[in-house]
Amino acid sequence: MALVLACLAAMPPASAASGDGGILYLPSAASIAHCPSSCGDVNVSYPFGIGAGCFRQGFELTCDTTARPPKLFLSNSTTEISYISTSDGSFVEAPMFFNGTFGSGMNNMSWRWEAPAKGITIRSYSNLYVLGCDFDVNLFDDVGKPIGSCMSRCHGEVLPNQGPCNGIGCCFISFQKAISGFEATIIRADNIAAQSDPQHPGVMAFMSYEYYNYMNNVTNLLPGWTNTSKIDGAMLDFAITDQPSCKSAQMNNASYACGANSYCTNTSSYEGYYCYCSNSYSDQGNPYLSEGCTQDYNPNPKEHCRRSCGNMNISFPFGLEEGCFGNERFQLNCTAAGETLFSIGYAQYHVAGVSVENGTLTVSNMLNSSSSGKEEIIAQLGQNGGMYMSGPVEDNFDFSMEYDIVIKWAVNNSTCQQAKQNMSSFACRSINSSCQHVIHGKIFMGYRCNCSSGYKGNPYIHDGCQDIDECSLPNSCNGICQNIPGSYKCTPCPHGKESDSTKRQCVTSTKQHNLLLGIAIGISCGIGSIIVALGTIVLANKWKRGIQKRIRRAHFKKNQGLLLEQLISDESTTNKTKIFSLDELEEATNNFDATRVLGCGGHGTVYKGILSDQRVVAIKKSKIVEQIEIDQFINEVAILSQIIHRNVVKLFGCCLEDEVPLLVYEFISNGTLYELLHTDTTVKCLLSWDDRTRIAVEAAGALAYLHSAATIPIFHRDVKSSNILLDDNFTTKVSDFGASRSLSLDETHVVTIVQGTFGYLDPEYYHTGELTEKSDVYSFGVILVELLTRKKPIFINDLGAKQSLSHYFVESLHEGSLVQILDSQVVEEADQEEINEIASLTEACLRVKGGERPTMKEVDMRLQFLRTKRLRKRQHLTEKEGDIEPLLCREDNKLYGHIDLNNVGSSGCYSLEQEFASSFGLPR
């Protein structure tokens, strides 16, 4: 730790660049763009940096890339840095630990730390935690003044496995002020024997700033003190010390460290200063770069944003999608039920109303809480600063049964004058708008926009404030009203005429009315109105039906319906792909009711439906209506219409009359292989070794068929366990051909935009963009590893880092530790020969170079041969020992009904060629 602080404090006189590669001027983001921005899991931000010209003098870092994951150190010291903060206060976070053991005749230990130079302090309200049994701790500052003390007792009992750090196996001391050094003495308690527990022979001490975090997690630290991964470490404040204060630093502009729109603050207990973003700016940006701090408001949303949720209109600066709102405080969420939600921290609230004209947001009924009372909502909003995260909450709320509360909001806490200095981020975009300050009581919240007098609309968008037609509204004009921008003119009626308030014009004055004429006119008008109304209703219904028909026909053409009709026109009558009408599918899904949703895939939402002929189907509705998605949809229909295979999901037809295309295919009832492997790990009866080999054989057969036996070779391009479905009989069904590509017979590969799923993606395809059949082979190899290990393709290893399952498997296989990573059920049920054969095949599929991998046909043959050998062994045991107890957890023997061993090789000779030939004899 002393090395950390010494490096931070050692700052030579100002110069353009120091001899060790450090700089003493204000760089721009572009000038250090080439510098490494991270090391392992730690983000590196200036003034810290790695490499010459990337750091301010005295703030050099080094990255140990040999570690896994890489580790970040200050300069060439052994002190690891776990976190760096510059925008919201200048500090670094570093692990600070002490371990000691009371030896024979030893009754005390001490832990001493001193900052080697001024400018470095441990942040106030940090905590010293000490874990162990039967000792007293005394803490002193760097000049010997007492800071505090605590004690821990276990009284000979085993350390507790629950409870806070309350003096039983653990105690802590809090620092009330920042200090530049300390000494902690740990003294064995009198008249209490040393602990005999070999797991806790001494004590462990560590520094931390996060009090509540470690109070809640200290129980997890007690059983084994070596687990320090839960501890973030000590928080050390740092400062720029090449000048003693902000005043002197600003006089020497060449070496001044603070950038644009940032504040400079002197340190309180030593010479030096640090920079931070001012109140008018967000925490975005870096105060130590020339660009400095930047406002977080974006006045220009992207095009085609969704602007409604249910019956509620969502006007800018509020928005539902990324790039559609002014900043994150204006982000709203829309549920599938059409409810609008607003989030503050971890709390969510129903939105009852949004007003950009009045600058208010009305919320009610806090979610995820046992109470939705008004007091609790106010408390939650108050803790988070209301709509503006650092401002107060509006106290004007409605005392209704819904406990609604109206929140004032501001764009940010700049004044109008400050905001107008940067017109590129100024929120008031309409010409007819004005800026006004938002004040809560005596507290200034910031600014917002409203339309000028005589205009209404949205002042936050171009041309958002439109002129109000005062002449169409009640007004005091007793004459001819003429609307003008922002106001109106009133001209008195000429002599002999009077103003008609209903018609809003001057009419001839009539003193007498003919009653009989009025009655006659009234009756005639009534009868005529009835006739006109009836005719209008009939014509309107006919007109609506005509419009609906034209809209659906337009959707049919836009969705490439004519092309699809040509693509499927050559199919046989028995296997004809049907083009359904939208009315049929709406009836099948109860008008696409939310309760019929089966799930959301990579290309759309899937609904369960029942056709008029009582067939249960799955209907996939595309998410996006962009042209590339429509092309993928047509691609999937064209591909599925060519495929007739028992292990490929069957396409019944499609519908093109909606705005988004729909696919209709057979309903697969038992979910995906991914769910079976990873969602509920307690389900073992569906994952026996026989089941796993059967699923692998069926999936491999389907892919081999796509590659070599289909009319046109087809590359799936997104082979993964979540695209392998299981039907009522748990028969494998390969699905989701939205990303697939078909090739002409003379093509061996095709260059495409890389698509797929991380963890399954072929590395050769990823780097070259050349899609071949070997790309599907690599993805299938990952599925084989999932079946062997029951681990996800990207999983968290023992070190807490993400790791690729394929690399993990290959490394374990080469190191001879394969058995250690296999699923326990595989080890129990499979013999070593079978494991070795599957592992060898899997390793071949996962080879980096596609040319070294087997074809999908070869993979299918090897898997079928392996499974046949195992089934023949089981049959031999049955004939030898009589009836034996089945290995299945269920009575559904259809799972193993694909190969009849009684009919295989009746002469006693069996070959791999016979098995492969028999597999193609099965119905496809």
Side-chain angles (χ1 to χ4, degrees), residues 306-315 337-338 353 454-458 463 466-485 487-559 561-562 579-594 611-612 625 655-660 662:
R306 180 183 176 186
R307 287 299 173 193
S308 65
C309 178
N311 296 325
M312 183 174 296
N313 182 47
I314 310 297
S315 300
Y455 294 87
K456 66 178 180 179
N458 190 343
D463 300 325
Q466 299 295 320
D467 177 52
I468 299 174
D469 184 3
E470 290 86 356
C471 292
S472 64
L473 302 175
N475 55 54
S476 58
C477 181
N478 290 318
I480 300 175
C481 181
Q482 180 184 359
N483 184 64
I484 61 175
S487 185
Y488 68 96
K489 289 182 178 180
C490 185
T491 304
C493 291
H495 181 71
K497 291 189 177 183
E498 61 183 16
S499 175
D500 187 333
S501 60
T502 303
K503 297 181 179 180
R504 296 191 176 275
Q505 62 184 8
C506 296
V507 296
T508 302
S509 176
T510 303
K511 301 294 184 180
Q512 299 176 354
H513 296 85
N514 190 321
L515 181 59
L516 293 177
L517 181 60
I519 293 174
I521 293 175
I523 293 174
S524 300
C525 290
I527 296 174
S529 298
I530 293 173
I531 296 174
V532 170
L534 292 175
T536 301
I537 293 174
V538 173
L539 292 175
N541 290 335
K542 186 176 181 179
W543 178 68
K544 287 180 180 179
R545 286 193 296 270
I547 287 181
Q548 185 181 58
K549 185 176 181 180
R550 288 193 295 273
I551 290 175
R552 292 186 176 184
R553 188 62 187 172
H555 286 157
F556 183 88
K557 292 181 179 179
K558 186 197 72 170
N559 292 332
L562 300 177
I579 298 181
F580 292 87
S581 68
L582 183 59
D583 291 335
E584 290 178 273
L585 300 190
E586 287 178 342
E587 182 179 356
T589 59
N590 194 19
N591 201 23
F592 297 100
D593 191 278
L611 299 179
S612 58
V625 295
C655 174
L656 305 174
E657 292 181 352
D658 197 10
E659 183 179 4
V660 291
L662 299 95

Side chain to side chain donor-acceptor pair (under 3.5 Å) filter on S315, not counting sequence neighbours, yields N313

CG (L662) and CD (E586) are apart, to the nearest 0.5 Å, by 9.5 Å

For residues 531-545, pull every pair meeting side chain to side chain donor-acceptor pair (under 3.5 Å), keeping only residues two or more places apart or in separate chains. none

Checking C525 now: which residues fulfil disulfide (SG to SG under 2.5 Å) with it, not counting sequence neighbours? none

Shortest non-hydrogen pair, E657 vs L582, comes out as OE1-N, 3.1 Å

Can you tell me how far NZ of K557 sits from CG of L656, rounded to the nearest 0.5 angstrom? 13.5 Å

Distance SG-SG for C477, C490 less than 2.5 Å: yes

Distance check, rounded to the nearest 0.5 Å: L611 atom CG versus T589 atom OG1? 10.0 Å

How would you list, by chain and number, every residue that makes a salt bridge (charged side-chain N to carboxylate O under 4.0 Å, His left out) with D463, sequence neighbours excluded? none

State which residues pass side chain to side chain donor-acceptor pair (under 3.5 Å) with D467; sequence neighbours excluded, sorted by chain then number. N483

All side chain to side chain donor-acceptor pair (under 3.5 Å) counterparts of N590, not counting sequence neighbours: none

What heavy-atom pair brings C655 and S581 nearest, and what distance separates the two atoms? SG-C, 3.8 Å

On a heavy-atom basis, which atom in E659 and which in H555 lie closest, and how many Å separate them? N-ND1, 3.4 Å

Supply the atom-to-atom distance I579 CD1 to F556 CZ, rounded to the nearest 0.5 angstrom. 4.5 Å

D469 side chain to C471 backbone, donor-acceptor under 3.5 Å: yes

So I468 and Y488, side chain to side chain contact (heavy atoms under 4.5 Å, CB included) or not? Walk me through it. CA-CA 9 Å; I468 299 174; Y488 68 96; over 6 Å; no

